[in-house]
Each structure stands twice: as structure tokens, then as C-alpha cells.
Novice: 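Pasting a structure here, questions to come.
For clarity, every value in this text was computed on a predicted model and none was experimentally measured. First the proteins, then the strands, lettered A, B, ... as listed; each starts at 1.
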Protein chains: 2
Amino acid sequence: MATGRSGGRVRLQDVATLAGVSMKTVSNVVHDYEHVSERMRERVQAAIDELGYRPNLTARRLATGRTGMLALAIPEMDQPYFAEIARCVGEEAGRRGYRIIVEQTLNDVEAERAVIRDREEGLVDGVIFHPARIDTLEIARLRPDTPLVLLGEAARPLTTDHVMIDNVRAAREATELLLATGRRRIAFLASVRTEIAESTHLRLLGYQEAMVGADIPLDPTLVIESEGFGIDDGVRALTAALDRGLAPEAVLCRDDLFGLAAMRALSSAGLRVPEDVSVLGWDDTSLARYATPALSSVSPDKRAIATSALDLLEDRMNGYDGIGRHLLAPYTIADRGTVARLVR
Amino acid sequence: MATGRSGGRVRLQDVATLAGVSMKTVSNVVHDYEHVSERMRERVQAAIDELGYRPNLTARRLATGRTGMLALAIPEMDQPYFAEIARCVGEEAGRRGYRIIVEQTLNDVEAERAVIRDREEGLVDGVIFHPARIDTLEIARLRPDTPLVLLGEAARPLTTDHVMIDNVRAAREATELLLATGRRRIAFLASVRTEIAESTHLRLLGYQEAMVGADIPLDPTLVIESEGFGIDDGVRALTAALDRGLAPEAVLCRDDLFGLAAMRALSSAGLRVPEDVSVLGWDDTSLARYATPALSSVSPDKRAIATSALDLLEDRMNGYDGIGRHLLAPYTIADRGTVARLVR
DNA sequence: CTGAAAGCGCTAACAA
DNA sequence: TTGTTAGCGCTTTCAG
């Protein structure tokens, strides 16, 4: 049983002394170094067990210069999309021998600046960062000196590695899917008035491309405007549009939350989903999977995003110092219960 | 190779040299030590700025023995309840000057053991741990030497600090709320066949207390059994019960996911929520808030849980070494759209 | 008020 | 195969 000096921690030297060997030898068995005689190994291991020795990771870090930790900076951990990304990054990082520090920027510009400026100094080997407020220019200017990979649509400086999905193309395909089910009056929920980010813009673009491609004249009233990002904002926006006489056959939503908002507004208006109106969400979060009916949703491959980001990051950590690589992660359209062929 | 310093190659000594002072003086300035002459401070600061010096946190740690980091170990980051807890803990920890490492145990026993055994050795100042698989006995046996606070119902050894809500009482009150709306045939969704954890048990107990307290004989067919924790398991279980002729007037659910399952099963069966059947979830996660109708749910005060856990932990980190304190965090019952008075 | 030097615990050359 | 020792970058007595 471990009867270590309760209070003071057991050090490598203590083990060495007890085993009657040098620190190097102890270190060798701790690291499973091959060339250690069986007898030696046993003796040292016995001392380790007896003292209950655990290497001090901070000291190891100082000595090696590697921390074995990565930072993942996201706006909010409890937003389903980010929570799911965090899980994937965490799992994949663990597989590669890293641990992650999750940093919430809470949509604060200063917090975001801090992420790439100095928050992680000497603490982590690399940073995966999904910005929400900071833009391309500023990131390029801040030039972080810790390896960095960006996620999402908000910022993509040429100098920095970056992973996202092709939002325009995904939106186009999503719209085409809706068109293929015989729906022509497709609304977009929503263009957010206060939006700084880029994602809605790209998705709207793809939507418009598809409409134009199908020879459907763009009808600006179909692009609904919302006051904010909350579910209530979405419900209000769509309800108002419905009241105004908008009669969409489908609604393409900028995210799953607006997908739920659409379902709520439509059902209040006495419209059935998907019989009367199809609804398509975006991000394929738990929100979509657990809705009733389950919400069809554009589904970025979160595992692939995590893997790609980590690949790029490890590259940088291994010394790659070239121009930024920009990867497009795959996506699918998860077809669940809210998209159906229009029957009259 | 170039794995050396992943950040500030500028060291304290470099600043000292440039400013023509000793390391101690630079350190004093960095730490805003009071007794430094204004002239000195300016001179040093200029050097710091010129070189872009950032202290190496790992080195600081080794020297001080404090890491300024806390570990939060939870089963899965993307389960809404845990994601929300993580957010609260993260925010509150940040307020107190700590950063957190989020550790996913992914419901793996070994991973859970590692958490309290050695995963965090010398890495963090304390650990907040929500176990799922490990039990009271084992934690007591493992005796971690890093300050530890436990969350949840799975394990509560007398030796260790612990925060949870009073599940029995909350379940009793939840059931009483349902009873107060005129519902007498109240089902419980669900007792999970493979369950190891304790929470369902406690909630079921509170439910039974309330029923008995209202002089309603316990009907075992009202306690539905599910094969697993997934939404489909819940839907199947309730659907089967409904098919069997069970006609509940309300369903108390072990968590929000089963709340959604109930809503799904009931609506498939042509029953209206809450007119025909009331549904009450548990955890008050985004799942509940974003459902349509929004799911009423037992709502643990997650912010209070985070605050209490951090209080206890800081106590320990400051040397408190007494017996385990066991705190009950407050909760409310968030009354949304799925509980209503029964009208016939 | 400032400087010199001894660690913090571990790693990794270099020796033996 | 094992031992010696010089750092890693910062903090912190203890002098000056």
C-alpha cells in the first residue's frame, strides 16, 4: 500500500533513493525505455508502487517544452453545435495523446483577442479557435505565435489554417433538395438584423443560387428578417411573415434553433410539418434529432472537422510554417421527418 | 526539433538584460509589486513591450506549485445537462481566476478511475468530478491527493465533498405539482433496466412518497421500464405501455430526453400534451426549453451547483482537510407548457 | 528598493 | 545498461 509522505509529494529522486539507483534509471522505467534489465525494472517499479509516485506533469513540461495540451476556444460550451464539436475534438485529441482546455469566449471580443494574443502562452502546444466576433483582418494582424487553426465562417485569413464546410454549396444543395420535393415558394429563416458573422450570408447566397438555378425569381419577402438569434426571435419573425400573408411551402433555416422556431410558428398557425410546409435546419445538433417530428438538417461532419483541424494543427506543431491551408469538411443533409414531397 | 518553446521565446532574463536590471526587478514589475520606483517600472515596462515578453506559465507553475487550473470531469460534453454545467463551472471559475480543463470520461470506468487517481497529477489545483460509473466505495478507496469535489448522485463517500440536489424531495414536489393539477394516474418514465446510477432510484422514491402521501395506492404498472437511455428507448417503452392499456394522466420523466420521448409517444398515440396528459421533464436543459410545447422540467440551479462546488474546492485548496461536506443545491420546477390542470 | 542565487521536478546530453 | 549533471523559465528567500 502506498504510504507516501502525506503532505509532501513524492519526487523522482525519492524513488531513486529508495530503489538505490539514479534518477535516470527511474525515468527509464517510467518511460518504458527498452534497454532496462528486468531485475532493475522490477526493483524500481516496486519503489514506485511503494511510494505511490506520480510524475509531476508541470515539471515534465518545463523540461520538454511540450505541454501535451491543446486549447479549444469556442463561444459557448452549452450551445449544442459547439458542445458537439467540443466532444469530437476532445475525443480525437485524446486519441492522439493530447488533452484539451476548453475556453469560452462568451462572444466577447476581448476574450477572443486574448485567445490568440496571450491567453495560452506556454500553456498549450496549439489552439483550435472558432471565432464569432473577431474578423479576418484582426486575426491576421495579431499573428499569434502558438500554432493556430480556425473553425467556422467568421474569419479566414490567408495566413492561417482553417476548416469549415462549403456553406454556399450546402445551402444550394439543401434548397435543391427542397425544390426536388416540389416546393417552389421557399423561405429563408432568417437574416438576422444584428448579425456580424458571415455564416448566414453564405447560406443565403447558396439559397439564392439554387432559386435562380431553378428559374424561380427571387422574392425578397421570402427572406425573413429576425431581430436576434433566440428561438423567440425566430418564432416572431416567421409568425409575422405568415400573418403578412406569406405562404411558404418550405423553410430553410440558418440553424437548428430557427428550425425549431419554424416548427413552432407553423404549428401555431395551424400548418402541418411536413405536409403543408417542409422545414430544414442546419448543424444537425441534438436539437434536431430530438425534436418531434425529428428535424431534417444540414449536417456538417463534426468528426471530420475535428480530425482535419487536429491534422493541420499537428502539422504546424511539427514545424510546418507555410501559408494557411483552407480545408472544406464534408457534410450531408440528414433527412428526417420535416421534409416531404408536396402533395396537393 | 523546433518543438522547444511553443510561444514566448523571450524570457524574463532577456527583458532584464535589455532593461539593464535583474530578473527580480522585472518580476516585480510583472506582478505589480508596490515598492518599485516609477522610473524603474517604466524602464522595465518599455523593455517588456519592446520584446513582447509573456511569462511562461508552465515555468511559473513549477516555481509556485500552483497551476491556476481546475479539471472538470464529466461523462460527455455534448449531453445538454453536462454542457450547461460545464458552462457554469467555466464561467464561475474564470471569475475566480481559474481556467478549466474539461475531461470527458465517456462513461468509461477506467477513465473515471484515472480522473481521481493520476490523470491530473501536478496539472491542476483541484478537480470537480461528476462520476457515472464509479461508486462511493471505490472513490473512498482511491483517496486522491488532489482536492476533489463530487457532483451528482452516483457516488458520495463521507470523506469527500459533494454537491447535488435533493432528488427525493424534488421528485416528491414534482409529483405533488402534478397531483395538484388533478392528475392521479401518474406514470414514471422510466426505470432503466441496465441502470447502474442512483439518480433514477432516488427520483422514483420521491415519486412514490408523493403518491403514498396522497393516499394513492402504488400501481407498479405505472412505473415504466425502459431498455436504455436513448430517446427511442423511452418512446418504445411508453408506447408499449400505452398499447398495453395504460392510460396515464401525467408522466414524470427521469430526464428531459425522456420528457421528449413521452411527448413523442403520446402524440403518436393521438394524445394531447398537456390537455390529455401532462409531462414533466428533469434537468431543465435546452432540450426542454426548445421543445414545442416547451417542456416543464425540474430545474436544478446549475449556477448554484457550480458556485458551491467551487467554494468547497477552494476551501480544500486552501488547506481544509476535514470530513466531506455534502451540500444540497437549490432547484425549482420550471413550469412551461406541458403541465396543466386536468379538465373533463 | 534591487540583485544574486537557490530551487521547483523532470528530461536528456554526455559519461562511464 | 546506468549514472551525472546541466538546464527548462520563473519565483523567492536573503543580502545589499
Novice: Mind grabbing the angle between the end helix axes of the helix from C:dC1-D:dG16 to C:dA16-D:dT1? Five pairs an end, 10° rounding.
Specialist: 40°
Novice: Please list all pairs passing the ring pair (Phe, Tyr, Trp, His ring centres under 6.0 Å) test where one or both residues lie in residues 62-95 of chain A, with sequence neighbours left out.
Specialist: A:Phe82-A:His130
Novice: According to ring pair (Phe, Tyr, Trp, His ring centres under 6.0 Å), does anything in residues 35-69 of chain B pair up with another residue at least two apart or in another chain? List the pairs.
Specialist: B:Tyr33-B:His35
Novice: Is there any protein nitrogen or oxygen under 3.5 Å from a nitrogen or oxygen in nucleotides 7-11 of chain C, and what are the pairs?
Specialist:
| residue | atom | partner | partner atom | Å |
| --- | --- | --- | --- | --- |
| C:dC8 | O2 | B:Leu62 | O | 3.4 |
| C:dC8 | O2 | B:Ala63 | N | 3.3 |
| C:dG9 | N2 | A:Ala59 | O | 3.4 |
| C:dC10 | OP1 | A:Tyr53 | OH | 2.5 |
| C:dC10 | OP1 | A:Asn56 | N | 3.1 |
| C:dC10 | OP2 | A:Leu12 | N | 2.5 |
| C:dT11 | OP1 | A:His31 | NE2 | 3.0 |
| C:dT11 | OP1 | A:Arg60 | NE | 2.5 |
| C:dT11 | OP1 | A:Arg60 | NH2 | 3.4 |

Novice: In whole Å, what is the span from the CG atom of B:Asn28 to the P atom of D:dC10?
Specialist: 14 Å
Novice: Tell me every residue that passes side-chain contact (heavy atoms from CB on, under 4.5 Å) with A:Asp315, counting only those two or more places apart in sequence or in another chain.
Specialist: A:Tyr320, A:Arg325
Novice: Taking side-chain contact (heavy atoms from CB on, under 4.5 Å) as the test, write out the residues that go with B:Thr64, two or more places apart.
Specialist: B:Arg60, B:Arg66
Novice: So, is A:Thr25 near the phosphate of D:dT2, with a side-chain N or O under 4.0 Å from OP1 or OP2?
Specialist: no
Novice: Could you tell me how far apart B:Leu51 (CG) and D:dG9 (P) are, to the nearest whole angstrom?
Specialist: 14 Å
Novice: Partners of B:Asp14 by side-chain contact (heavy atoms from CB on, under 4.5 Å), sequence neighbours excluded?
Specialist: B:Val10, B:Arg11, B:Leu51
Novice: Are the side chain of A:Asp125 and the backbone N or O of A:Thr67 linked by a donor-acceptor pair below 3.5 Å?
Specialist: yes
Novice: Taking only residues two or more places apart in sequence, or in another chain, which ones meet A:Arg303 in a salt bridge (charged side-chain N to carboxylate O under 4.0 Å, His left out)?
Specialist: A:Glu91
Novice: For A:Met164, which residues count as a side-chain contact (heavy atoms from CB on, under 4.5 Å) partner, sequence neighbours excluded?
Specialist: A:Glu153, A:Arg156, A:His162, A:Asn167, A:Leu202, A:Leu328
